There are 2 protein chains.
Amino acid sequence: MSEGFLPPVEDRPAVTVDVVIFSLVEDDLKVLLVQRDRQPFLGQWGIPGGFVYRHEALESAAARKLDDETGVKNVYLEQLYTFGSPNRDPRSRVITVAYFALLPYAAIRELDEARASWFPLNALPPLAFDHEEIVQYALTRLRYKLEYTTVGFRLLPDLFTLSELQKAYEIILDERLDKRNFRRKILAAEILQETGQMKRDGEGRPAKLYGYRDDAITEIKTRRLFP
Amino acid sequence: MSEGFLPPVEDRPAVTVDVVIFSLVEDDLKVLLVQRDRQPFLGQWGIPGGFVYRHEALESAAARKLDDETGVKNVYLEQLYTFGSPNRDPRSRVITVAYFALLPYAAIRELDEARASWFPLNALPPLAFDHEEIVQYALTRLRYKLEYTTVGFRLLPDLFTLSELQKAYEIILDERLDKRNFRRKILAAEILQETGQMKRDGEGRPAKLYGYRDDAITEIKTRRLFP
DNA sequence: GCAAAAGTGTTCTGTCTACACCCATGT
DNA sequence: ACATGGGTGTAGACAGAACACTTTTGC
């Protein structure tokens, strides 16, 4: 049977949520890290996280942390994995439910630049706890998701051009994609809608601005987008 | 920063592991349930689970539960999802890290038949807590895994014929598969090895017995096995 | 010799890949 | 008029799906 009796409180682990926050910053995929202001690992960088409140759902706790750090709500947030090695926190038993989040850089409203900073994935500083492992796990999952689903949009602002979307995919997957094939597949997935608006800023021909259809954000059941 | 301070013990949730144990029983995919001998949900069925010991890894706790119920070690065990709605346990805050396991029915050494019983997935009794949701989540994941990876073997004994394997896939996916295409794809995945032995029991031509290559049990990176 | 299950190839179809040029705008 | 990025179609390769007969054994 499950949960047959409650263990004494002193045997209970502490439970945290940690959030790997990805965004595209200056044409690079970056992760938001915060510098610890307490022991253990004082002064080291880590991913944002904290304890789950007593009556709070796990995903709410993750969303709260995300809001705390960036001031952004309604971002893509997905449970990643639960890490619970007995000694991952030197103080005591701490189990962390890790999430990963995708957010458009432009949506960030408040960022305490004294504490928080964006790091590219190939130049991470030494991280506290097992956060290095968590970040790598999140990156693997993100790439996988990008191949099979359409979450890539969630890194872009509400309106975007197909070229911007392709560039995002190329940055994250770290490979060049064919323009015509990319456009055909993305449009075939029927998750975008033309807005009728055009983007005309730099040189060149103006580009159609697309938005994503709210009803189609979820998983793609068909085949891989980028095999 | 993550895990900045430890919360007082009285604010800590209890943490359990629950394991959805799948096996093929009498040509059907079934789940092992146990009848609760305590409140809450006294007398109702649920998936096996229990509290995580103080210095125990999560996966070890899941493996321990599995061993407790079935006497089987070294089975396929994968973390599924962590369920933590604030009121999922009526007594207090309990967060559960759910796992799913695949095991060959023949491997079961000890099963307390007064408490534990196998149920087919389309005829589950009312389940305790949110276990119904957990089981459905596990079934979705199992089918998904079967399409993309090769975990299907883990439901069969060490040696098996291709027909037996195909039948297992058909039962779980609940659709008929073409014999020639199935064999070609499974063999192309290079996860099986012929053992040289033959199975000769009932009528008909004897079948080659295959085993799985230990080095190839993990994920398949290529494309779907059964699109 | 027949019932029962194992084993085996080929054709067709649809999807993915590779690839090059014209279009609309700003300067 | 030219530089810049946006936008479009097609042929060949490849993988998946559909499909029927022969082989080996037990009775």
Side-chain angles (χ1 to χ4, degrees), chain A residues 27 146-150 152 156-157 159-171 173-211 220-227, chain B residues 27 143-144 146-150 152 156-157 159-171 173-211 220-227:
Chain A
D27 285 347
L146 225 56
E147 285 176 345
Y148 281 93
T149 74
T150 59
L156 297 177
L159 296 183
F160 49 87
T161 69
L162 292 184
S163 294
E164 287 165 349
L165 184 60
Q166 180 178 346
K167 191 168 194 178
Y169 275 76
E170 287 178 337
I171 288 168
L173 298 176
D174 196 25
E175 60 182 297
R176 289 199 60 80
L177 301 171
D178 179 83
K179 183 161 59 161
R180 278 168 292 191
N181 294 339
F182 179 85
R183 294 162 102 91
R184 191 177 324 116
K185 282 185 202 169
I186 284 285
L187 293 175
E190 297 191 317
I191 36 175
L192 298 190
Q193 54 189 5
E194 287 191 36
T195 60
Q197 301 176 62
M198 302 291 268
K199 173 167 188 169
R200 50 182 86 250
D201 50 20
E203 320 230 306
R205 175 174 172 176
K208 288 181 184 170
L209 282 167
Y210 289 81
I220 285 271
K221 295 272 175 194
T222 57
R223 51 199 75 241
R224 300 174 71 158
L225 284 168
F226 305 101
Chain B
D27 285 349
R143 288 190 168 139
Y144 182 85
L146 224 56
E147 285 177 345
Y148 281 93
T149 73
T150 58
L156 297 177
L159 296 182
F160 50 87
T161 69
L162 292 184
S163 295
E164 288 165 348
L165 184 60
Q166 181 178 344
K167 192 168 193 180
Y169 276 75
E170 287 177 336
I171 289 167
L173 298 176
D174 194 26
E175 60 182 297
R176 291 198 59 79
L177 301 172
D178 179 84
K179 182 159 63 159
R180 280 168 290 190
N181 293 340
F182 179 86
R183 294 162 102 90
R184 187 170 337 108
K185 282 185 202 169
I186 284 286
L187 294 175
E190 295 191 319
I191 36 174
L192 298 190
Q193 55 190 5
E194 285 191 37
T195 60
Q197 301 176 64
M198 301 293 265
K199 172 167 189 169
R200 51 183 85 250
D201 50 19
E203 319 232 305
R205 175 172 171 176
K208 288 182 184 170
L209 282 166
Y210 288 81
I220 286 269
K221 294 273 177 192
T222 57
R223 50 198 75 238
R224 300 173 72 156
L225 283 169
F226 305 102

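Per chain, numbering begins at 1; letters A, B, ... match sequence-line order. Because the structure is predicted, anything quoted here is derived from the model rather than measured.
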Visitor: From CG of A:Leu177 over to P of C:dC19, roughly how many Å is that when rounded to an integer?
Guide: 15 Å
Visitor: Can you check the B:Glu194 CD to C:dA6 P distance for me, whole Å?
Guide: 15 Å
Visitor: Give, for atom CG of A:Leu159 and atom CD of A:Glu164, the distance between the pair rounded to the nearest 0.5 Å.
Guide: 9.5 Å
Visitor: Out of D:dG16, D:dG6, C:dT17, which has the shortest distance to the side chain of B:Lys185?
Guide: D:dG16
Visitor: Which nucleotides of nucleotides 20-27 of chain D have their base under 4.0 Å from a protein heavy atom (B), which only their sugar-phosphate (S), and which neither (-), written as one string 5' to 3'?
Guide: B--BBBSS
Visitor: Does the side chain of A:Leu173 reach to within under 4.5 Å of the side chain of A:Glu147, using non-hydrogen atoms?
Guide: yes
Visitor: Rounded to the nearest 0.5 Å, how far apart are OH of B:Tyr210 and OG1 of B:Thr195?
Guide: 9.0 Å
Visitor: How do A:Asp178 and B:Lys208 order along DNA chain C: which one's closest nucleotide is nearer the 5' end?
Guide: B:Lys208
Visitor: Can you list the steps and then say if B:Glu175 with B:Glu170 is a side-chain contact (heavy atoms from CB on, under 4.5 Å)?
Guide: CA-CA 5 Å; B:Glu175 60 182 297; B:Glu170 287 177 336; over 6 Å; no
Visitor: To the nearest 0.5 Å, what is the distance between CD1 (B:Ile186) and CG (B:Leu165)?
Guide: 5.0 Å
Visitor: When you measure from the side-chain N and O atoms of A:Ser163 to the phosphate of D:dG6, is any distance below 4.0 Å, counting only OP1 and OP2?
Guide: yes
Visitor: Atom CG of A:Leu162 and atom C1' of D:dT8: how far apart are they, to the nearest Å?
Guide: 12 Å
Visitor: For A:Tyr148 and C:dC16, give me the distance from atom OH to atom P, rounded to whole Å.
Guide: 12 Å
Visitor: Any non-hydrogen side-chain atom of B:Arg143 less than 4.5 Å from a side-chain atom of B:Asp174?
Guide: yes
Visitor: Quick check: B:Tyr144 with A:Tyr148 (ring centres under 6.0 Å apart)?
Guide: no
Visitor: All N/O contacts under 3.5 Å from nucleotides 10-12 of chain D to the protein, with atom names and distances to one decimal?
Guide:
from	atom 1	to	atom 2	distance (Å)
D:dT10	O4	A:Arg184	NH2	3.1

Visitor: Tell me: NZ of A:Lys199 to C1' of D:dG6, nearest whole Å?
Guide: 13 Å
Visitor: Looking at CG of A:Leu187 and CG of A:Leu192, how far apart are the two atoms once the value is rounded to the nearest 0.5 Å?
Guide: 6.0 Å
